[in-house]
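Proteins come first, then strands; the chains are lettered A, B, ... in the order of their sequence lines, and each starts at number 1. Keep in mind the model is a prediction, meaning the values are calculated, not measured.
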Amino acid sequence: FLMLFFEEAKLIESLVNMSTRERIKAIQKMPEAMEKKREIRNKVLKEITVKSRRYRNQCDCCAQCLQRMAVLYRRFRNSLSEYFHLLQLWQRTLKVIGGKFGTGVLSYFIFLKWLLTFNVFSFLINFSFITIPQFVAAQPNNLSFTGLELFTGTGYFQETVLYYGFYTNSTIRKTENGASYNMQLAYIFTVGIYFIICLLSLVFSMAKSFRRNFINPQTYSGHASKLLCAWDFNITNEKAVKLKQKNLSTQIKEALSEVNREVLNFSLKEKFVHAVIHLAAWVASLGTTVAACAGVYFLSINNLELFMKKHKDDLEGQAAMLVLPIIASLLNAFIPFFYSWLGLLEKFQNPRHLVYVTITRNIILKISIIGILCYYWLNIVSASESQCWETLVGQDIYRLVLVDFIFCLLGCFFGEFVRRIIGTKVCVNLGMPEFDIARNVLDLIYAQTLTWIGIFFSPLLPGIQMITFSIVFYVKKVSLMMNCQPPHKVWRAAQMTTLFIFLLFFPSLVGALSVIAVTIWRLKPSKECGPFRGLSTMYTAISVWIDILKNYSGSKWVVWIYQNLFQGALFFFILSTILLIITYLYWQIIEGRKTMVKLLRKQIVN
Amino acid sequence: MGNKQTIFTPEQLDAYQDCTFFTRKEILRLFYRYRDLAPQLVPLDYTDKPDVTLPYELIGSMPELKDNPFRQRIAEVFSEDGEGNMTLDDFLDMFSVMSEMAPRDLKAYYAFKIYDFNNDDYICKSDLEKTVNKLTQNELTPEEVNLACNKVIDEADLDNDGKLSLEDFQHMIIRAPDFL
């Protein structure tokens, strides 16, 4: 009993010495009953007042005042955090979804919400820094508005702030000798800073997720963890609970039967046959991708000819512009079914490999289609004789985004609603459909990649994507509740989320950045429209600015940074070397820790 | 921020906010949930700290818990008397630990206690068997249950005493990123 008393005294002592925030966190984390925690908290607070009173004996009212102020300040911060919670969108909906369908499906909706914040942020800064100044220097719009513009993005919209071509290249001045606003610099810097923030936030999320979910110094994901850590305490729905129980029992049965059966040694002939089947499946999937890309390429060249040949003011011409996006979306919608069928043909030993291989094939398809479109835009459209090629590219992306959104809604309708009707009324063996998490997330990544590429050519595109993502959220939620059943298979939500964040970073954001980098550094902007008209490359705007800055003595440091860091090759060489050295050191540290863990484990067992 | 409510004194609310992961509004909302289970037993005025306990049957009928196979153990672990009859403090404690703001170590600690059916601070083989049965709703044969429990103890028991201690359990949780 005395020991407990001493321990408690030590605990109170350590709590007294912490700052208020740390102390509250420490008390919240204590694994004790509420009464005990309250007791300890009251003792700690008494100790603190005693201590502070001892040090402030001369100014008693002052001490009371300060304490009262501290308490009021804490209450104020608490209520502020309550209001901050109100801003969290859709919290209740997410809880309901998690309760009925489990964390796998919930991870899709959380991913959607996260992408939505990227778009909201981009829209806000583009609107404030680029569009609002443009309104001051706007030119009148002489075109008429017909309803078709919403789908094709041309016509009336061409002369609005939606596209790059409308923005002025002048330095906007409200009054003579007043403050000036250089539109060229604003355009480059706004887009540049947005992408830097995106990059940093993605790298940070990826690292945090990776560290949490992939620490595995030893392959310890054994059956024990499957049993004791597998119960999803989020589930509150009876059907979901029963399904999860059945799921777990199937898993345990499978695991046990593996133990009993001896490892089947595949004969050499069977291994060879398996390898051939895998190879054939890969050849088929890559072949389909190449065929799809070729189709898209020829169609887009055709599109450009159509545009250059006749002025597309008639209905037929405008409708013909929609053919390319529709074909691209159709390919994206139907080829994944082919890949799933291929996956069923090859019999994978580990079902998780099937999921990974299917995701890889799908992402290769989507990125190839976007890649071929970028090649077409950057090489062919930019060299064409059209008046304003950047606006053309912006319109293409607008149409792609819109048609993709419509296909998403259609896919939801047919894939889930009609499938449920079929599954319950016509062919009862099929049952209700399950929510296909991987495909939906890849669709989101595709849409976001298009948006990121399109930000430079159409600054308000994130606003449109914001609206589409919100609509998709509600439609998917309603469809999920009405039509789907909770998933049968295990979906390791944490690890798959890490994979999806990585896919968002690596092909998606890095690809978009490379496209924009090529646009800024290499391509010649059109002569008659946009903020960079008349320059040889868009980058010269910055060089010109640096030249101007050289004349001001106060900004010499900017010039110095520019000349040494951005133009000097030596800087990048040194930076790369330092990074390589740090990586090597960390790798060695990890190896050392692995050995340490092994040694310690042996010690415990013995 | 106005102190319009008269259920708790401001000091009580501050204490609750410090000891759980909830904000003031959430604490009041939980109080109303607690009261809704038995309006005639729970007074609207907690300033004099009344001693009110709700029986397990009422707690177990809450929509969040009623389908959970472990609801009885959860109520037992968090209740003061160990039988599942909860006071308001126990109620708030339970929801605080199960909320998404609680850190994983805290949840692991309580998960261990939930799976420890005989309350001896170790998960022995009989505890494991009961856990497996609850997890699979008696879909496995007793032999399969036996085999599964043996495998779990083989893998997770580091100090080889035939049962899992808290450290063994926490060691396993760190490597299971899907633990909720």
Side-chain angles (χ1 to χ4, degrees), chain A residues 23-24 27-31 33-35 37-38 41-42 71 74-76 78-79 81-82 85 99 103 212-216 220-238 240-242 245-246 248-250 252-253 255-256 259-260 492-495 601 604-605, chain B residues 1 10 14-21 23-26 63-70 78 80 89-90 92-93 96 98 102-103 105-107 109-111 115 123 128 131-132 135-137 139-140 144 147-148 151-156 158-160 169 172-180:
Chain A
R23 186 180 339 125
I24 295 181
I27 296 184
Q28 279 173 340
K29 277 203 304 201
M30 280 201 302
M34 178 85 78
E35 283 214 18
K37 284 201 270 200
R38 223 196 330 238
R41 172 193 178 260
N42 290 337
V71 166
R74 277 242 327 273
R75 289 220 192 118
F76 174 68
N78 281 338
S79 56
S81 73
E82 270 180 34
H85 274 212
T103 13
R212 233 193 100 163
N213 300 330
F214 277 95
I215 327 170
N216 219 346
Y220 197 65
S221 62
H223 304 281
S225 63
K226 235 185 276 199
L227 194 68
L228 286 176
C229 309
W231 184 252
D232 189 351
F233 278 95
N234 268 348
I235 306 182
T236 55
N237 185 12
E238 190 188 338
V241 162
K242 283 213 197 322
Q245 284 172 328
K246 202 158 163 32
L248 271 174
S249 54
T250 321
I252 296 180
K253 281 197 203 182
L256 286 179
V259 166
N260 287 338
R492 304 168 78 186
Q495 279 156 323
R601 189 185 292 272
I604 296 179
V605 172
Chain B
M1 213 169 67
D14 279 341
Y16 277 135
Q17 271 186 310
D18 279 349
C19 298
T20 64
F21 294 99
T23 63
R24 251 179 97 229
K25 232 166 46 167
E26 289 165 350
E64 285 87 350
L65 285 180
K66 79 171 157 55
D67 289 316
N68 194 327
F70 289 102
F78 284 103
E80 217 178 291
D89 280 356
D90 303 331
L92 286 175
D93 224 359
S96 171
M98 308 274 274
D105 319 331
L106 189 60
K107 290 195 197 204
Y109 175 83
Y110 278 102
Y115 292 145
I123 297 184
L128 267 182
T131 307
V132 173
L135 280 176
T136 58
Q137 200 63 21
E139 290 224 12
L140 300 181
E144 288 171 334
L147 265 176
K151 267 197 74 70
V152 169
I153 295 199
D154 279 338
E155 279 188 13
L158 283 183
D159 45 10
N160 273 337
F169 189 73
M172 203 168 47
I173 295 285
I174 296 183
R175 276 154 188 72
D178 286 316
F179 174 67
L180 290 155

Colleague: So, does B/Asp89 use its side chain to make a donor-acceptor pair with the main chain of A/Glu35 at under 3.5 Å?
Modeller: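 It does not hold such a pair.
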Colleague: Please check: side-chain N/O of A/Gln28 versus main-chain N/O of B/Cys19, any donor-acceptor pairing under 3.5 Å?
Modeller: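 No, the answer is negative, given that no donor and acceptor are paired below the 3.5 Å cut-off.
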Colleague: List the residues meeting side-chain contact (heavy atoms from CB on, under 4.5 Å) with B/Asp18, not counting sequence neighbours, and say none if there are none.
Modeller: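 Listed in chain order: A/Ile24, A/Arg41, A/Arg74.
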Colleague: Would you mind checking which part of B/Asp90 comes under 4.5 Å of any heavy atom in chain A, side chain (CB onward), backbone (N, CA, C, O), both or neither?
Modeller: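 Neither part, no heavy atoms under 4.5 Å.
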Colleague: For A/Pro31 versus B/Tyr110, what's the shortest heavy-atom pair and its separation?
Modeller: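 For A/Pro31 and B/Tyr110, the tightest heavy-atom pair comes out as C-OH, 3.7 Å.
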Colleague: Rounded to the nearest 0.5 Å, how far does CE of A/Met34 lie from CZ of B/Phe78?
Modeller: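 So the CZ of B/Phe78 and the CE of A/Met34 are separated by 10.5 Å.
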Colleague: Given heavy-atom pairs under 4.5 angstrom as the criterion, report whether the side chain, backbone, both or neither of B/Tyr16 touches chain A.
Modeller: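 Only the side chain of B/Tyr16 comes within 4.5 Å of chain A.
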Colleague: Could you tell me which portion of B/Phe21 (side chain, backbone, both or neither) has an atom closer than 4.5 angstrom to a non-hydrogen atom of chain A?
Modeller: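 For B/Phe21, backbone and side chain are both near chain A.
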Colleague: Considering residues at least two apart in sequence or located in another chain, which fulfil the side-chain contact (heavy atoms from CB on, under 4.5 Å) criterion with B/Asp67?
Modeller: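 Scan of B/Asp67 (side-chain contact (heavy atoms from CB on, under 4.5 Å), adjacent residues dropped) gives A/Glu238, A/Val241.
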